[in-house]
Amino acid sequence: MGLSPPLSAACWATRPGAAASEGCFGVPIPPPPGDVGPGFAPAMSFRKVVRQSKFRHVFGQPVKTEQCYDDIRVSRVTWDSTFCAVNPSFVAIIVEASGGGAFLVLPLHKTGRIDKSYPTVCGHTGPVLDIEWCPHNDHVIASGSEDCTVMVWQVPEGGLVQPLTEPVVVMEGHSKRVGIIAWHPSTRNVLLSAGCDNVVLIWNVGTGEELYRLEGMHPDLIYSVSWSRDGSRFCTACKDKSVRVIDPRRGTVLLEKERAHEGARPMRAIFLADGKIFTTGFSRMSERQLALWDTENLEEPMGLQELDSSNGALLPFYDPDTNVVYVCGKGDSSIRYFEITEEPPYIHFLNTFTSKEPQRGMGWMPKRGLDVSKCEIARFYKLHERKCEPIIMTVPRKSDLFQDDLYPDTAGPDPALEAEEWVAGQTAGPLLVSLRQAYVPSKQRELKVNRHSLLHDGRSAPTATATASAAPAPTAPSSRLSAPPALSTGTGSPAAGGRLDEVLQEVAALRALVAEQGQRIARLEEQLSRLENGHV
């Protein structure tokens, strides 16, 4: 008996005289999902398979060997820290040291082999566990150590020429080792430290005084601390598997989510720009997880993803400008990145950068230190056993013009508040700067410490409050925005009037030149477009 010919696609859909929902053997065909009536009209609208995102093609590229930092003895201490801190001027790396704790501070341009005799920052008597650059002064760095102290250091211009053994200020308040350091994102001279005594301390670095002591909130070891965007709250991840949101000025726990991740291994929590919380941890079956939480409702996560069954702690790095989270596992050889959006499933996987060597730690460059001309949206400093390797993340673009969608205004180096204003209850987000002109910060000023307590003084502003400012103290709040000085229009001397005319003429000439160059760029881009499309 011969085989009957295969049924045609039309026969599978409908036969003549049959109902639209009836098959060729009279068997009813179930309507497609979402179809509310007979027929297949909705089935003809094809769904997008791939979600559109400008970051979908982000790719990572390690730099050439000669641009790495070689022959560095990276610390072997067993602590889930990044071991590396980066800013637009320096890279700092915690290293092995005999008889105490030390870390290297290298100018970014000092690549290649680092001599063993290169000077270090070596004032701690125990191993250094965490370091972080001040966001408002590229020459000030804080460190926490097993010797139970927090130290703040002023790095000289150009880097170290001799070992730095004298910190600007030493802050003693923890009874056990200090494993977490976090500067306030928008207030000058406010620093948070967390120790293995389960205590969180808030310091005024300018006076060396303890502002707030938060104890009794964590029954076990604190794994991570992250400030909110405006610095009014911070969230913590604790060994008791709970994530807490804390108001340091009121000294209260605002929110608490128990068993955020079921696993017993370390977890981390970070605040996102919109107030949500992103966590990394482990499931009960020791699978690594990512979760997104809405602080309005912590009952269930907004999104939960399982990655793999490796045992290294996941370190999240968050870019608030693009809402992209980069996840690096200690001991892994990859960096995964995800985009956080408002639509489900909220956590969207973008891509993975993979290399051969596992990472011992990772540094993260602030946005103002990136090369905007190459569409660089992130730069990591990956620690190997004996070297530090920069990894550049870029978004491929054909145009050489400034990409506004990739570079919205980002946090600049100028603080929005002084320490005494924040203590008085004021709150403000970071002051933003544009990267269009490859933003260059103004000259840094030396950090000086005045041992004068703000809390015990009834005056609102001390007579000599120390600062780590990026510029001289402003005379009015509006001057913090680094606006150009206004030209005087009053009746001044004839010389002043002549100088004003010269400045106005120069401004007019520059504007004309900019307009002319803009027209030339438009013509060249039009010619380039014609060439690319085959129209000669």
Side-chain angles (χ1 to χ4, degrees), residues 55 58-62 74-84 93-94 129-130 179-180 220-226 236-243 257 259-270 272 277-293 301-319 324-340 345-364 378-391 393:
F55 303 110
V58 171
F59 71 96
Q61 182 70 38
V74 178
S75 174
R76 295 177 176 274
V77 67
T78 55
W79 186 255
D80 285 325
S81 169
T82 59
F83 291 165
C84 182
I93 303 167
I94 302 175
L129 300 180
D130 197 18
I180 298 172
D220 214 327
L221 179 66
I222 302 169
Y223 284 140
S224 75
V225 176
S226 172
T236 65
C238 182
K239 193 175 181 179
D240 68 350
K241 303 179 185 178
S242 292
V243 172
K257 172 58 183 174
R259 307 186 76 83
H261 293 275
E262 296 282 351
R265 295 177 186 270
M267 65 179 188
R268 295 207 162 213
I270 57 172
L272 303 187
I277 296 176
F278 182 88
T279 61
T280 65
F282 292 81
S283 70
R284 189 178 300 171
M285 304 301 292
S286 293
E287 293 177 316
R288 297 197 291 190
Q289 294 179 323
L290 311 175
L292 184 66
W293 305 85
M302 296 175 62
L304 179 67
Q305 291 191 15
E306 292 188 347
L307 295 184
D308 52 37
S309 54
S310 298
N311 58 7
L314 289 170
L315 308 177
F317 296 88
Y318 173 60
D319 181 0
V324 175
V325 176
Y326 302 83
V327 179
C328 315
K330 270 212 161 183
D332 290 4
S333 55
S334 63
I335 302 173
R336 298 178 177 92
Y337 25 109
F338 302 82
E339 186 175 6
I340 310 297
Y346 307 108
I347 306 173
H348 300 274
F349 173 74
L350 292 174
N351 211 335
T352 302
F353 167 81
T354 306
S355 57
K356 295 179 181 179
E357 298 292 327
Q359 52 229 16
R360 297 281 300 277
M362 194 70 74
W364 160 265
R379 190 189 308 160
F380 291 93
Y381 286 73
K382 175 181 174 180
L383 297 186
H384 300 249
E385 191 172 350
R386 298 285 295 186
K387 76 172 181 179
C388 175
E389 176 187 40
I391 298 169
M393 300 283 183

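Quick note: residue numbers are just sequence positions, from 1.
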Among all residues two or more places apart in sequence or in another chain, which pass the ring-ring contact (aromatic ring centres under 6.0 Å, His included) test with Phe59?
none
Compare all side-chain heavy atoms of Val327 with those of Tyr337 and state whether any distance is below 4.5 angstrom.
no
Taken in chain and number order and not counting sequence neighbours, the residues that satisfy side chain to side chain donor-acceptor pair (under 3.5 Å) with Tyr326 are none
Salt bridge (Lys or Arg N to Asp or Glu O under 4.0 Å) against Glu262, all qualifying residues, sequence neighbours excluded
Arg259, Arg284
side-chain contact (heavy atoms from CB on, under 4.5 Å) filter on Pro301, not counting sequence neighbours, yields Ala291, Trp293, Leu304
Taking every heavy atom of Gly179 against every heavy atom of Asp130, the minimum-distance pair comes out as O-CB, 3.4 Å
Rounded distance (nearest 0.5 Å) linking atom CG of Leu290 with atom OG1 of Thr279:
8.0 Å
Taking all heavy atoms of Phe338 and all of Leu307, pick out the closest pair and write down the distance.
CZ-CD2, 3.9 Å
Mind checking what makes side-chain contact (heavy atoms from CB on, under 4.5 Å) contact with Ser310, not counting sequence neighbours?
Arg288, Asp308, Asp332
Nearest non-hydrogen partners of Ser226 and Ala269, listed with the distance
CB-O, 3.5 Å
Test ring-ring contact (aromatic ring centres under 6.0 Å, His included) applied to Phe55 - qualifying residues, sequence neighbours left out
none
Going by salt bridge (Lys or Arg N to Asp or Glu O under 4.0 Å), name the residues that satisfy it together with Glu389, two or more places apart in sequence or in a different chain.
none
Working for side-chain contact (heavy atoms from CB on, under 4.5 Å), residues Ile335 and Thr352
CA-CA 6 Å; Ile335 302 173; Thr352 302; over 6 Å; no
Hits for ring-ring contact (aromatic ring centres under 6.0 Å, His included) against Tyr223, two or more places apart or cross-chain, chain-then-number order -> none
Strictly distance-based, threshold 3.5 Å: is any side-chain N or O of Lys382 a donor or acceptor partner for the main-chain N or O of Pro358?
no
If you look at every heavy atom in Leu314 and Gly329, which pair is closest and at what distance?
CD2-CA, 4.0 Å
side-chain contact (heavy atoms from CB on, under 4.5 Å) partner of Phe353, chosen from Cys328, Ser334, Pro62, Ser333:
Pro62
Any side-chain heavy-atom pair from Glu385 and Arg76 closer than 4.5 angstrom?
yes
CD1 (Ile180) and OG (Ser81) are apart, to the nearest 0.5 Å, by 9.0 Å
Find out whether Ile270 and Ile277 are in side-chain contact, i.e. whether some heavy atom of one side chain is under 4.5 Å from a heavy atom of the other.
no
Do Val74 and Arg386 make a side-chain contact, defined as non-hydrogen atoms from C-beta onward lying under 4.5 Å apart?
no
Rounded to the nearest 0.5 Å, how far apart are NZ of Lys387 and OH of Tyr381?
14.5 Å
Supply the atom-to-atom distance Phe83 CZ to Leu129 CG, rounded to the nearest 0.5 angstrom.
7.5 Å
Rounded at 0.5 Å granularity, tell me how far CD1 in Ile347 sits from CD1 in Ile340.
5.0 Å
Quick one: are Val325 and Arg336 in side-chain contact, heavy atoms under 4.5 Å?
no
For Phe278, enumerate each residue passing the ring-ring contact (aromatic ring centres under 6.0 Å, His included) test, keeping only those at least two apart in sequence or located in another chain.
none
Which heavy-atom pair separates His261 from Thr280 by the least distance, and what is that distance?
NE2-C, 3.9 Å
So, using side-chain contact (heavy atoms from CB on, under 4.5 Å) as the criterion, who are the partners of Glu306 when residues are at least two apart?
Ser283, Glu287, Gln289
When the ring planes of Trp364 and Phe380 are compared, do they come out parallel, tilted or perpendicular, using 30° and 60° as the limits?
tilted
I need the Gln359 CD to Leu315 CG distance, nearest 0.5 Å.
8.0 Å
Residues two or more places apart in sequence or in another chain: which of them pass salt bridge (Lys or Arg N to Asp or Glu O under 4.0 Å) with Asp319?
Lys367
With side-chain contact (heavy atoms from CB on, under 4.5 Å) as the criterion, how do Leu272 and Leu292 come out once you've worked through the C-alpha distance, each side chain's angles and the decisive distance to 0.1 Å?
CA-CA 10 Å; Leu272 303 187; Leu292 184 66; 3.5 Å; yes
Could you work out, with salt bridge (Lys or Arg N to Asp or Glu O under 4.0 Å) as the rule, every residue matching Arg265, not counting sequence neighbours?
none
Main-chain N/O of Ser224 paired with Thr236 side-chain donor or acceptor, under 3.5 Å
no
